[in-house]
Amino acid sequence: MVAWLLCAAALIACVVLRLYSLLPKGTIHKARIRPGTQSCSLAVFLGSGGHTSEALTLVSSLDFTRYFPRTYIVSEGDILSARKAAALERVKAAVSPPYSVHAPYRILTIPRARRVHQTLLTTPLTAACSLLACLYHVTLCPIWTSAPLAEVLLLNGPGTCFVLCVATYFNRLLGLPSPRLIYIESFARVRSLSLSGKLLRPFVDRFVVQWETLLQRDKRGDYRGWLV
Amino acid sequence: MSEPLSPSQASASAIESPLRTRTNVLVTVGSTRFDALVQAVLSEPVLAALRARGYSRLTVQCGNSEFDANGFEQQEEGLVQTTENGIDIVVWKFRPSLEEEYEKADLVISHAGSGTILDVLRLPRPLIVVPNPTLLDNHQQELADALGLLGHLRPSTVSELPQAIETLRDSKLVPFPPFNGSRFRELLDEEMGYVDSDG
């Protein structure tokens, strides 16, 4: 019995240490230099409403001939976000016809971690369901198809994006390829971070804010002015 | 914030064109409700302030707000009230897009939602924002104050609205910078290892 407990404790300690070693450090990340002609796959979570608008504004600024294929991840039932993503793709295709022949985008739907007004009691259940779906797309599918979800994943809240972050760390724990995680705090956040911002800040590879007042001392974060 | 009159600055801003006559005011509360704001803009003090500034048409996107609809007539475009001396009022709940309404407006009075703020300031249109104090997580107030401090818009409260309308001088508003996509593009290119920015 004692031996089992010791084994379990050792295993947990290993996992925690491994996780700790995976946490992004304060040092500046040196990316592998890519030739300008090489493509980069991109995924973005659209968290509905204002989150979706800001995320799509950010994506609209990118060179679509460079960032492809693109994966838009939406919550179950969020038809509006899926439509807005498709609309952006149409606009981009109209202004730069050469890439439109690839039509390289897809829309993934995942269950919500927590619905609006849902009781805290049932939240673990829906969150687990959401996590399973994320693990399927982020971890399992790439093993089968040997095509990772994306090389970079953009997040800007709310709750469900935390589940995507957990799934990404599962990959890192197992040593599988995982997307770089970039969190962009909303333009609406001037003096205090959103809940998802606070939750995700220690885990994401790059944490970007749009108001300098949010860059507290000794905390990681990037400020480049307003991005939307 | 007080806004002293300064006629010398009247032509300094791109927002106010001397040829443009003020006619339309748009009030928007966003996707939920803001009873106090809707009730206030339909009240005499605000209507008087609007009349004094020469506005003659008031459009209110009221969402699910509750207000006294006495004196309004249901028509195709919404609840309509035509007054003999002053301001024609139209009230409706939602439209799929407000873009067209923003364009028609000469002044926008809005809740402090960041999406609305960006859309209106980028057009640009003069903007008064009234953060909803009943929201639990009131970061809207922070955004309104911060942008007000920079001079891009005029933050107000429900009770100070008549005064905000009377003292707002469009020409004193600081033009809001246009969308700059290169910032995020460069950030991501850098993060993903693209050293040359032009590919």
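Here is the naming used below: chain letters follow the sequence lines, and residue numbers restart at 1 for every chain.
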Return yes if some donor-acceptor pair links the side-chain N/O of [X] with the main-chain N/O of [Y] below 3.5 Å, else return no.
{"X": "A:Glu185", "Y": "A:Gln210", "answer": "no"}
{"X": "A:Arg34", "Y": "B:Met192", "answer": "yes"}
{"X": "B:Tyr194", "Y": "A:Gln38", "answer": "yes"}
{"X": "A:Thr160", "Y": "A:Arg112", "answer": "no"}
{"X": "A:Asn156", "Y": "A:His51", "answer": "yes"}

Under a 4.5 Å heavy-atom cut-off, does chain B meet the side chain of [X], its backbone, both or neither?
{"X": "A:Leu58", "result": "both"}
{"X": "A:Glu54", "result": "side chain"}
{"X": "A:Trp226", "result": "both"}

- Once the angle between the rings of A:Phe203 and A:Phe162 is folded into 0 to 90°, is it parallel (under 30°), tilted (30 to 60°) or perpendicular (over 60°)?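 Geometry flag for A:Phe162 against A:Phe203: perpendicular rings.
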
Tell me whether B:Arg125 forms a cation-pi arrangement with B:Tyr102, defined as NZ or CZ under 6.0 Å from the six-membered ring centre and within 45 degrees of its axis.
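Not satisfied by the 6.0 Å and 45° rule.
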
TODO: Please list, in residue-number order, every residue in residues 65-73 of chain B that has a heavy atom less than 4.5 Å from any heavy atom of chain A; write 'none' if there are none.
DONE: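 Interface residues of residues 65-73 of chain B: none, nothing closer than 4.5 Å to chain A.
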
Notebook entry, point to check: Using a distance-only test with no angle check, is there a side-chain donor-acceptor pair under 3.5 angstrom linking B:Thr59 and B:Glu101?
Noted result: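 Result is no, nothing qualifies.
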
State, with a plain yes or no, whether a side-chain heavy atom of A:Leu193 is found less than 4.5 Å away from one of A:Phe207.
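Heavy-atom side-chain distance check passes, below 4.5 Å.
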
Best-contacting candidate, A:Asp222, A:Val59, A:Val228, against chain B by heavy atom pairs under 4.5 angstrom:
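Going by pairs under 4.5 Å, I would pick A:Val228.
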
| said: Among A:Ile184, A:Thr57, A:Val208, which residue has the highest count of heavy-atom pairs closer than 4.5 Å to chain B? | reply: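 When all of A:Ile184, A:Thr57, A:Val208 are compared, A:Thr57 has the most.
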
field: Top contributor to chain A contacts, counting heavy-atom pairs under 4.5 Å, from B:Asn180, B:Leu187, B:Leu118
entry: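 Counting heavy-atom pairs under 4.5 Å, the top option is B:Leu187.
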
